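Report on one structure; see the data block that follows.
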Amino acid sequence: MSRGARGPMAGHSALSTSRLITRDELQLASRNHAAPLEALRWPVTPPGMHYLLIHFDVPQLDPEAWRLRVHGAVGHELELDLAELASRPRRSLTVTLECAGNGRSRLDPRPLSQPWDLGAFGTAAWTGTPLGPLLAEASLDPDAVELVFTGADHGVQGGVEQDYARSLSVADACADDVLLAYEMDGRPLAPQHGYPLRLLVPGWYGMASVKWLASIEAVRTPFAGYQQAVAYHYQHDAADAGTPVSRIRVRSLLVPPGMPDFMTRQRLLAAGPVLLRGRAWSGTGPVVRVDVGIDGIWSPAQLEPAAGPQAWQEFSCVWVAAPGTHRVACRAWDAAGSVQPLEPEWNYQGMGNNAVQAFDVEVREPASGA
Ligand SMILES: Nc1nc2c(c(=O)[nH]1)N[C@H]1C(S)=C(S)[C@@H](COP(=O)(O)O)O[C@H]1N2
Ligand SMILES: [Mo]
């Protein structure tokens, strides 16, 4: 069966060429909120501003009854409660997360799913215990190829009833920075961010970081669950087998300068020097260069180091804004040699659209006497 026949958009018309979003998209957009672009001012995204993506319902889990099971192709099965996890080695990492669908609504035609504009990002200080040592204790069988991470949430997508589940290769799961996280910014996880425990896979798009984690199963054949084998692929069309989505593509975003118009979000700015600031990140980072473009003329921005290997980096430059309408843009390059494309690269599920952000700013003469 082709992926598209029961693909993520099965049961819907898969694509829309209309500028109007549908009621289904509105429902998804309001429950799975974006960070406002001005959230980019803060090095760690303030509480409640971090984006959210919840496929089904937020489960209400009882911390007393909750257990994490580690089972399957292992020498020693484990069953851990929260206190046992909290007594294990503790590690905090500042990590930028981004949804693989960020930028989807800018594609034309538009894949019908969560209609992100550009706000599906957030940076938090995540605390938990490293996964690798726990897997070592469970003693993976030599023929284990993957770990399957299953959440406590359940629903139907693409006509398939499922628990939300994703897998990682043994090597990816044992990477030094993969955490079982129980705190976000120094507090127990909020229900919507995966309470009481989530996987955190720094550098990967958000789908890998399974929330409401209930089970880790070592398996001897690659996992073929819906979120692994059907969703999260770069596909040309419904029939294309595609390639799996994994690490975050390089991206930069500017804090919108000046002030917004309420309805259109069009930016208005007084003429004169203005400090343009933004943040850039990549799952194959660090980011090594950011250019800022004004009316198509690009100049290098000053780029700061990151707070952690998978956290975003601030960039800035001064622009002397002259009256008129100007096109402002930014573009990042990473250590792997990847660069943001100037135009979106369309794919069927609307994944990984990291095309440069470009927007108009209307610059006005400062009010006289100012
Ligand atoms: N169990 C479970 N884990 C999940 C999801 C989900 O719906 N269920 N959504 C995933 C996706 S697609 C993303 S982008 C991130 C979002 O994490 P956040 O809501 O904490 O920002 O969680 C991931 N983990
Ligand atoms: Mo996502």
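Throughout, numbering of the chain's residues begins at 1 and tracks the sequence. Read the numbers this way: they start at 1 and go in the same order the structure lists the ligands and their atoms. Predicted model, so just to flag it, every value in this text is computed and none were measured.
Heavy atoms of Arg198 come nearer than 4.0 angstrom to ligand 1 in at least one pair. Residue contact check for ligand 1: Tyr232 places a non-hydrogen atom closer than 4.0 Å to it.
Remark: Arg91 is not positioned above the aromatic ring of Tyr182, lacking an NZ or CZ atom under 6.0 angstrom from the ring centre and at most 45 degrees off the axis. Both tests pass for Arg331 against the ring of Trp333: distance under 6.0 Å to the centre and angle within 45° of the axis.
Few gaps surround NE2 on His71; more than 12 heavy atoms of other groups in view lie less than 6.0 Å from it.
Protein heavy atom in closest approach to atom 1 (N) of ligand 1: Asp153 OD1, 2.8 Å. Counting only heavy atoms of the protein, atom 15 (C) of ligand 1 lies nearest to Gly206 O, 3.5 Å.
For the pair Met207 and ligand 1, the shortest N or O to N or O distance does not fall below 3.5 Å. Looking at Trp126 next to ligand 1, no N or O pair under 3.5 Å apart turns up.
One hydrophobic cluster, built from ILVMFWY side chains closer than 4.5 Å, cannot hold both Leu53 and Ile21; they sit in different ones. The cluster map of Ile, Leu, Val, Met, Phe, Trp and Tyr, joined by side-chain heavy atoms under 4.5 Å apart, puts Leu131 and Leu85 in the same cluster.
For the residue pair Gln162 and Gln157, no side-chain donor N or O sits within less than 3.5 Å of a side-chain acceptor on the partner.
Counting heavy atoms closer than 4.0 Å to ligand 1, residue Tyr205 contributes nothing at all. For Glu98, no heavy-atom contact with ligand 1 is shorter than 4.0 Å. The part of Ser209 lying near ligand 1 is the backbone, judged by heavy-atom distances below 4.0 Å.
Near Val210, meaning under 4.0 Å from any of its heavy atoms, are these atoms of ligand 1: 1 (N), 3 (N), 24 (N).
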